[in-house]
Number of protein chains: 2
Amino acid sequence: MVVDTELSDVEVDRIFRALADATRRDIVRRTLVEEASVSSLAAAYEMSFAAVSKHVAVLEGAGLVTKHPHGRERLVRGNPDAIRRAQELLDAYERIWRDRIGRLDALLAEPETPAPHLTD
Amino acid sequence: MVVDTELSDVEVDRIFRALADATRRDIVRRTLVEEASVSSLAAAYEMSFAAVSKHVAVLEGAGLVTKHPHGRERLVRGNPDAIRRAQELLDAYERIWRDRIGRLDALLAEPETPAPHLTD
DNA sequence: AGTATCTACAACCATTTGGTTATACGTTAC
DNA sequence: GTAACGTATAACCAAATGGTTGTAGATACT
């Protein structure tokens, strides 16, 4: 079941912005494969723990990962729902494109056909 | 036919970064529906022409729109190929997730049985 | 020719971003 | 209890971002 929550502009901004960094995308990839503590993630990149911790915070703010305490560690887990919501956003653009092509096709076909659904 | 061009990290960065702004997403949407001159786009937003022109430049740099001269205007056209490439990127993350679930399933089932089909 | 329109580009400014180091705090291990 | 580990957070910095105004070059209109 897909929840189809309407995302605000700001939320969409955050999701795409979070994905616009190679380190963060790699963190998402790793934590989709399996949970990882922040420090184990930090060990994988040539930057400070604090920098990685910030990246994780950005991803968490976008909902792309969740973090839950486990002893003194915080385990980071990729959130497939957020990925799906981002996919739906891109699907919407594809749909716009296909609709446009559909309209052009209809235009080139018999002129009697009523104009297909058209929105602003 | 899909060309499956391998995108560099920097290119992926640019695509997601370009999508991380509501005005730019709206420009993509509009220009997927139909071509528009930069000034006609600028008329739609409460910011200067120069600002909109910059947004278009960012989208062009990410390959999300193309621009071609038409008299004194530059017509902006949304590029569905770039959208599709972005979709493929997100698909890759979904696939990682599904693979993980598949592996867990295989682990829980009797080791002889092949992993059952699993959907969300 | 002269004017209006469309665009590009430079210079500037405030804010955000992505990194750093240093400090403080909770948890685990000895 | 003390030391070591994992994390969060603050202060700081350089560079990028998103906006502005102003100037200048093409193209179109009359």
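- Straight-line distance from the CZ atom of A:Arg74 to the P atom of D:dG6: 13 Å, rounded to whole Å.
- Between B:Thr31 and B:Leu41, some side-chain heavy-atom pair lies under the 4.5 Å cut-off.
- Using a 4.5 Å heavy-atom threshold, the side chains of B:Glu88 and B:Leu7 count as separate.
- At C:dT20, one or more side-chain N or O atoms of A:Ser48 fall inside 4.0 Å of OP1 or OP2 (strictly under the cut-off).
- Atom pair B:His55:NE2 and D:dT17:P shows a separation of 12 Å (rounding to whole Å applied).
- The residue A:Ala57 sits apart from the nucleic acid: no heavy atom pair falls under 4.0 Å.
- Rounded to an integer number of Å, the gap from CD of B:Glu60 to P of C:dT7 is 13 Å.
- Taking for each of A:His70 and A:Asp21 the nucleotide of DNA chain C with the nearest heavy atom, the 5'-most of the two is the partner of A:Asp21.
- In this structure, A:Arg72 atom CZ and D:dC5 atom C1' are separated by 4 Å, rounded to whole Å.
- If you take CG of A:Leu75 and P of D:dT7, they are 8 Å apart, rounded to a whole angstrom.
- Heavy atoms of B:Ser37 sit under 4.0 angstrom from primed sugar atoms or phosphate atoms, though from no base atom.
- Residues B:Glu34 and A:Arg100 are not paired through a salt bridge, judged by the lack of any N-O separation under 4.0 Å between the basic side chain and the carboxylate.
- Listed pair B:Arg24 / D:dG18 meets the phosphate criterion, a side-chain N or O lying under 4.0 Å from OP1 or OP2.
- For B:His68, the NE2 atom counts as densely surrounded, since its 6.0 Å shell holds more than 12 non-hydrogen atoms of other residues, nucleotides or ligands.
- Atom P of nucleotide D:dA28 and atom CD of B:Glu73 are separated by 9 Å, given to the nearest angstrom.
- Between B:Phe49 and B:Lys54, it is B:Phe49 whose nearest contact on DNA chain C lies nearer the 5' terminus.
- Counting to the nearest Å, the C1' atom of C:dG18 and the CD1 atom of A:Ile27 are 12 Å from each other.
- Classification of B:Asp26 and B:Arg30 as a salt-bridged pair holds, one side-chain N sitting under 4.0 Å from a carboxylate O.
- Close to D:dA8, at under 4.0 Å from its OP1 or OP2, lies a side-chain N or O of A:Lys67.
- Distances shown here put a side-chain N or O of B:Ser39 below 4.0 Å from the OP1 or OP2 atom of C:dT7.
- In this model, the phosphate group of C:dA8 is approached by a side-chain N or O of B:Ser53 to a distance below 4.0 Å at OP1 or OP2.
- Taking atom CG on B:Asp26 and atom P on D:dG18, their separation rounds to 16 Å, with Å as the unit.
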